[in-house]
Amino acid sequence: MLACAFGSLLLAIVVGLFIASMGTSVGKAMRERQFDQVEKYSSAEINRFSIYSLITRSTNDVNQVQTAFILGLMVAIRAPMMAALAIMKISSKNIGWVEVTVFCVLVMLACIGAILWFTFPRFKRIQWMNDDVNRITKEGLSGIHVVHAYNAEGYQEGKFKKANDELTGTHVSVTRAMAFLQPVMTTIMSMLGLAIYWLGAVIISEAEGLEERLIDFSDMIVFSSYAMQIIAAFMMLIIVFMILPRAMVAARRIDEVVSTQPTILDGDVVESPAGMEGRISFRNVSFRYPGAAQDALTDISFDVEKGETVAIIGSTGSGKSTLVKLIPRFYDVGSGEVVVDGVNVKDYRLDALHRKIGYVPQKAVMFQGTVASNVNYGDTEGERTEEDVRKAIEIAQGAEFVERMEGGYEGKVAEGGTNLSGGQKQRLSIARAVCRRPELYIFDDSFSALDYKTDRQLRSQLKKETAGVTTIIVAQRIGTIRDADKIVVLDEGRVAGIGKHEDLLRECEVYYQIARSQLSEEELVR
Ligand code: ADP
Ligand code: MG
């Protein structure tokens, strides 16, 4: 018996280790699958889930499934085996005993079913509420300066309290339902014991002779201990049932992420036809954001030749950023087509299209790391030397501030670039595009946080360095774009005029109005 006990201990340890490593690999695999899938998402899919939900899905939800998986393996295999063995041992015994045992098992299953039915939808809500709590916390923390400056702590607390109370309330109701489980099971177990002894007493009292009575008595003891084993097995299973509903909800949420196909899919063109490099055409392009009531762009057509600098100007909200986002295919057009290097952007393999483009977003994006890791970023990373990085930063007029930073080019950049000013981030963001050496630059209002002097120096340097490279500049300042080869004036998502500065001043009222607000009388001669 000692040897058996020791052997069983050893086995339990080995199995435990095995299950733990299996469970954690399952968790790892789920996180990886989700991350890979989410990276393929376009903004439409990300907005559908919301960033906060995607984060809880790859952390909290994965943990739920992982826990259920580990406990499930530990219990879900062992318990039914225990039950099956016990059932085999006693099924040939007195029929009355078997009947009560089966009846008790059925009652137990019914209880578990009822509780699952009650808790399942609530667990679903709990996961959603987790998303909410997450979102409100993140929103409040990332906007903490505004919260403080407007004394909005109370307001934020109120929002948080509401979400937190909802979450707590649902948790409480679920936990209450769960709390029933254990006592109900214990009661069933005791009742079963009682029933077996009751039946046993009748059987024994009806038997004749001491020997037969003794046999009946020992049968009863054996039966009741096996019956208890069956119930105990089910009790073990209850632990699984307590976490199963939540894990099922979590698994479903993970599955949603993994099985949602990105709307923007790869084409198969890798090489564009010779002789077409650096050309972009918009042909009758209309576009509407998912769920929006109006088109953000309507019937846009214009061409950009190789090496040209084309500027896009218009009041805020006129669709400038939207327009340039169609070139790297962050969104698909509603109708019409966007053609880069003679090929519709939808036909490119996305990495091939993106390889051509140096995109500088309106709001500079920085990643935690160093200055160099932020500038030398992406799939060209291995091909650029330290010298290239320095050069790119110099062109972007960033050398001065970077060299003053502690650590210089290896200086730390905090998450989101919070240790840099807006203008510094913009310059690094421009350096990133320069370092990529693309065929085509897109600057989405990338000079707005720079002072006039830096703006001018940067553009003249860029012009020297990027001669022959097609450039699209979105800008607010007439000064930034007046030398452009072509200016596209946008007004409420439509083209209000295309041409050179002087021509537009004469012919395009929208452009004239923008110019009048910025230029002196002499500069405005029509
Ligand atoms: P601009 O860059 O000229 O200031 P945008 O291109 O950013 O203008 O926006 C054009 C219009 O599209 C605006 O009316 C704006 O409300 C809308 N819009 C911009 N981004 C989104 C989005 N992600 N979802 C829905 N509507 C958007
Ligand atoms: Mg914009």
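Each ligand, and each atom within it, is numbered from 1 in the order the structure gives. Below, all heavy atoms of this structure are taken into account, side chains as well, without hydrogens, waters or symmetry copies.
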What's the spacing between [X] [atom1] and [Y] [atom2] if we round to 0.5 Å?
{"X": "Glu39", "Y": "Ile46", "atom1": "CD", "atom2": "CD1", "answer": "9.5 Å"}
{"X": "Arg122", "Y": "Met129", "atom1": "CZ", "atom2": "CE", "answer": "10.0 Å"}
{"X": "Gln397", "Y": "Phe401", "atom1": "CD", "atom2": "CZ", "answer": "11.0 Å"}
{"X": "Met248", "Y": "Leu116", "atom1": "CE", "atom2": "CG", "answer": "7.0 Å"}
{"X": "Glu439", "Y": "Ile280", "atom1": "CD", "atom2": "CD1", "answer": "9.5 Å"}

Going by the closest heavy atom to atom 25 (C) of ligand 1, which one wins out of Tyr289, Phe287, Phe330?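 That would be Tyr289.
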Tell me which one of Gly317, Pro290, Gly493 gets a heavy atom nearest to atom 13 (C) of ligand 1.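 When every heavy atom of Gly317, Pro290, Gly493 is considered, Gly317 comes closest to atom 13 (C) of ligand 1.
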Checking a contact table here: which protein heavy atom is nearest atom 6 (O) of ligand 1, and how many Å away?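 Its nearest protein heavy-atom neighbour is Thr322 OG1, 2.4 Å.
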Starting from atom 2 (O) of ligand 1, what is the nearest protein heavy atom, named by residue and atom, and what distance separates them?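 For atom 2 (O) of ligand 1, the nearest protein heavy atom is Ser321 OG, 2.7 Å.
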Are Gly314 and ligand 1 in contact, using a heavy-atom cut-off of under 4.0 Å?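 Outside the 4.0 Å threshold, so no.
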Strictly under 4.0 Å, does any heavy atom of Ser318 approach an atom of ligand 1?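 Yes.
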When you measure from the centre of the six-membered ring of Tyr452, is the NZ or CZ of Arg477 under 6.0 Å away and within 45° of the axis?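 Checked: cation-pi criterion met.
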Does a sphere of radius 6.0 Å around CD in Glu277 hold more than 12 heavy atoms from other residues, nucleotides or ligands, not counting ones at 6.0 Å or beyond?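 Count over threshold, so yes.
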Would you find more than 12 non-hydrogen atoms of other residues, nucleotides or ligands less than 6.0 Å from Gln518 atom CD?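 Atom CD in Gln518 is packed in, count exceeds 12.
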Counting no waters, what protein N/O/S atoms lie under 2.8 Å from the Mg ion (ligand 2)?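 Result, waters dropped: Ser321 OG, Gln362 OE1.
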Indicate yes or no: does an N/O atom of [X] lie under 3.5 Å from an N/O atom of ligand 1?
{"X": "Ala296", "answer": "no"}
{"X": "Asn47", "answer": "no"}
{"X": "Lys320", "answer": "yes"}

Is atom 16 (O) of ligand 1 in close reach of the protein, with a heavy atom under 4.0 Å away?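 Not a single protein heavy atom is under 4.0 Å away.
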With Tyr359, the ring-ring contact (aromatic ring centres under 6.0 Å, His included) member among Tyr377, Phe443, Phe330: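 When ring-ring contact (aromatic ring centres under 6.0 Å, His included) is applied between Tyr359 and each of Tyr377, Phe443, Phe330, only Phe330 qualifies.
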Can you tell me how the ring of Tyr289 sits relative to the ring of Tyr331, calling it parallel under 30°, perpendicular over 60° and tilted otherwise?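 Aromatic pair Tyr289/Tyr331 classed perpendicular.
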Please verify the inter-ring angle class for Tyr41 with Phe49; under 30° counts as parallel, over 60° as perpendicular, anything in between as tilted.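 Answer is parallel, since the angle falls under 30°.
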What atoms in ligand 1 come closer than 4.0 Å to a heavy atom of Thr316?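 Per the distance check, 4 (O).
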